[in-house]
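Here is how names work: the chains are called A, B, and so on, in the same order as the sequence lines, proteins then strands, and each is numbered from 1.
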2 protein chains.
Amino acid sequence: MTSPRPNPSAVIRGDALWSGIRDDLRARGLRWTPQRRTLVEVLSKTQGHVTGVQLVERCRAIDPETTPSTVYRTLDVLEDLGLIRHGHGADGREEFHVLPAAEHGHIYCHSCGGTWEIGHDQAASLLETLASEHRFTADLSHVTIAGRCAACLEAPPSA
Amino acid sequence: MTSPRPNPSAVIRGDALWSGIRDDLRARGLRWTPQRRTLVEVLSKTQGHVTGVQLVERCRAIDPETTPSTVYRTLDVLEDLGLIRHGHGADGREEFHVLPAAEHGHIYCHSCGGTWEIGHDQAASLLETLASEHRFTADLSHVTIAGRCAACLEAPPSA
DNA sequence: ATGTTTGCTGCAACCGCTTGCGTTAGGGCA
DNA sequence: TGCCCTAACGCAAGCGGTTGCAGCAAACAT
Ligand SMILES: [Mn+2]
Ligand SMILES: [Mn+2]
Ligand SMILES: [Zn+2]
Ligand SMILES: [Zn+2]
């Protein structure tokens, strides 16, 4: 859970993205273990959003011995390598973005529970304001904004 | 527990903001209990940000029997009444904003752990974009944006 | 092959917070 | 003042995720 570092080969296909990991890890003095191989296999078959719990489940389908702490620690490593990102849902729970995917944030309606994505263009003005007024480089994929959607503002559900 | 009071006007003393809560609750069919009174006393002496754990600690200083679940449930109620707001830190942990306070979001540096506040003016463009493009009314106090501060971009701490 | 280094694993405990449930007690009304 | 309804409480278990530690095993060198 540290720094963003885009993987140069990330643009290509999913397979190509994940196939280089073994060497990426070794180049950094890290190790390629059966447990990591399992998680990477799961991730390479995953698109969009996943929670940590879902990933543990899917790993267990391949290797029933899978331990949560190992999975979460490996997710941290993979995020350092720039292969995944995580954000937090409205309740603070982790959600992982599996690459390749356009970087995006989320908006969440407190009333109906609906969620939508915010693209770079929609966030551009905020990111620029942060850059100029705070000299801050924001991580859009870690952004979740809560509030009320149009439908709920007009017709508040029962409350 | 409650003994007759010779001087009915004595207890007041709290901020105008917090003094109406008892009646606010009753008007909604909710109840004014000793546990809620303790939490409200703590909140009325609190400014800025507090975590749930801190609030439980401070309640225990007044009433050692304080139970976490009761505190968190009461915090939910008070947020419904609009007396506090909560957001999530970069790690997803809850932080409560005690009113009166200008509504604001937070930015957080993944490298050095520093945090800063975003005011309404700095968020205005984002909020407007969300309103126009998604017809979404955002809750600024629930916003935490992670990224890197200027100092860390120029001189990454050891990484 | 074998040894050595040290990153990684599994475990168990823990943290912040939530939830289901049986019991207590607030508070409107007689 | 006492009754009654039900909101709120305390407890214990649970959930998502993290952490310290002792043993294990990748990786590289010999
Ligand atoms: Mn985070
Ligand atoms: Mn704040
Ligand atoms: Zn909605
Ligand atoms: Zn920083």
Side-chain angles (χ1 to χ4, degrees), chain A residues 1-2 21-40 49-60 62-81 84 86-96 113 142 144, chain B residues 1-4 21-40 49-60 62-81 84 86-96 113 142 144:
Chain A
M1 52 195 304
T2 14
I21 297 186
R22 183 189 144 130
D23 296 331
D24 273 9
L25 288 170
R26 288 198 179 151
R28 292 189 168 209
L30 306 178
R31 291 175 189 172
W32 181 241
T33 66
Q35 294 84 351
R36 290 184 174 176
R37 184 200 286 242
T38 301
L39 178 55
V40 164
H49 306 118
V50 228
T51 66
V53 171
Q54 288 174 318
L55 289 171
V56 171
E57 277 171 11
R58 294 179 195 181
C59 284
R60 285 200 164 132
I62 297 173
D63 171 12
E65 308 289 275
T66 300
T67 302
S69 54
T70 299
V71 172
Y72 286 107
R73 281 191 274 231
T74 300
L75 287 168
D76 284 349
V77 171
L78 296 179
E79 188 156 8
D80 275 351
L81 295 183
I84 56 175
H86 86 273
H88 298 271
D91 52 1
R93 232 163 262 174
E94 286 186 330
E95 292 189 350
F96 293 91
H142 200 277
T144 298
Chain B
M1 304 188 90
T2 33
S3 46
I21 298 186
R22 182 189 143 129
D23 296 331
D24 274 8
L25 289 170
R26 287 196 181 154
R28 293 188 171 210
L30 307 179
R31 292 174 188 172
W32 181 241
T33 66
Q35 294 84 349
R36 291 184 172 177
R37 183 200 287 240
T38 301
L39 177 55
V40 165
H49 306 120
V50 228
T51 65
V53 171
Q54 289 175 319
L55 289 171
V56 171
E57 278 171 11
R58 294 179 196 180
C59 283
R60 286 201 163 131
I62 297 173
D63 172 11
E65 307 290 274
T66 300
T67 302
S69 55
T70 299
V71 172
Y72 286 106
R73 281 192 273 231
T74 300
L75 287 169
D76 283 348
V77 171
L78 296 179
E79 189 155 9
D80 275 350
L81 295 183
I84 56 175
H86 85 273
H88 298 271
D91 53 2
R93 233 164 261 173
E94 286 186 330
E95 293 190 350
F96 294 90
H142 200 279
T144 297

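- Interatomic distance, CG of L78(B) versus CG of L25(B), reported as 7.0 Å (0.5 Å rounding).
- For DNA chain D, the neighbouring residues in residues 23-32 of chain B, judged by any heavy atom under 4.0 Å, are G29(B), L30(B), R31(B).
- Regarding contacts with the backbone of dT9(C), every side-chain N or O of T67(A) stays at 4.0 angstrom or more from both OP1 and OP2.
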Can I get a per-line list of side-chain donor-acceptor pairs under 3.5 Å for residues 66-74 of chain B, giving both atom names and the distance, sequence neighbours left out?
| from | atom 1 | to | atom 2 | distance (Å) |
| --- | --- | --- | --- | --- |
| T66(B) | OG1 | D63(B) | O | 2.6 |
| T74(B) | OG1 | T70(B) | O | 3.0 |

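- Rounded to the nearest 0.5 Å, atoms CD (E57(B)) and CZ (R60(B)) are 9.0 Å apart.
- Remark on DNA chain C: of its neighbouring residues P68(B) and D63(A), the 5'-side contact belongs to D63(A), judged by nearest-heavy-atom nucleotide.
- Y72(A) places its OH atom 13 Å from the P atom of dT19(D), with the value rounded to the nearest Å.
- Tested against L75(A), the residues D80(A), I84(A), V50(A) include a single side chain to side chain contact (heavy atoms under 4.5 Å, CB included) partner, I84(A).
- Scanning for side-chain contact (heavy atoms from CB on, under 4.5 Å) contacts around H86(B) gives E79(B), H88(B), E94(B), F96(B), H142(B), with sequence neighbours left out.
- Between R22(A) atom CZ and dC28(D) atom P the separation is 9 Å, expressed in whole Å.
- Interface remark: the S69(B) side chain does not form any donor-acceptor pair with the dC9(D) base, using a distance-only criterion of under 3.5 Å.
- Between the CG atom of D91(A) and the C1' atom of dG16(D) there is a distance of 10 Å, rounded to whole Å.
- D76(A) has its CG atom 12 Å from the P atom of dT9(C), to the nearest Å.
- Between the P atom of dA25(D) and the CZ atom of R37(A) lies a distance of 16 Å, rounded to the nearest Å.
- Between Q35(A) and the phosphate of dA25(D), there is no side-chain N or O to OP1/OP2 separation shorter than 4.0 Å.
- Both T33(B) and F96(B) lie near DNA chain C, and the one whose nearest nucleotide falls closer to the 5' end is F96(B).
- In this structure, CG in L81(B) is found 5.0 Å from CZ in R28(B), a value given to the nearest 0.5 Å.
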Could you list the protein-to-nucleotides 21-23 of chain D atom pairs, N/O on both sides, closer than 3.5 Å?
none

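- Listed by chain and number, the residues in a salt bridge (Lys or Arg N to Asp or Glu O under 4.0 Å) with R93(A) are D91(A) (sequence neighbours excluded).
- The interatomic distance linking Q54(B) (CD) with dC17(C) (C1') rounds to 15 Å, in whole Å.
- Rounded to whole angstrom, the span from the CD atom of E57(B) across to the P atom of dC15(C) amounts to 12 Å.
- Between dG26(C), dT9(C), dC9(D), one nucleotide has an atom nearer to the side chain of T74(A) than all others, and that is dT9(C).
- The interatomic distance linking E65(B) (CD) with dC11(D) (P) rounds to 8 Å, in whole Å.
- Across dG10(D), dG16(C), dG17(D), the shortest atom-to-atom separation from the side chain of E94(A) is found for dG17(D).
- Look at R36(A) and you'll find a side-chain N or O under 4.0 angstrom from OP1 or OP2 of dC8(C).
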Using distance only, find each side-chain donor-acceptor pair of residues 29-36 of chain B under 3.5 Å and give its atom names and separation, not counting sequence neighbours.
| from | atom 1 | to | atom 2 | distance (Å) |
| --- | --- | --- | --- | --- |
| T33(B) | OG1 | Q35(B) | OE1 | 3.4 |
| T33(B) | OG1 | R36(B) | N | 3.2 |
| R36(B) | NH1 | R31(B) | O | 3.0 |

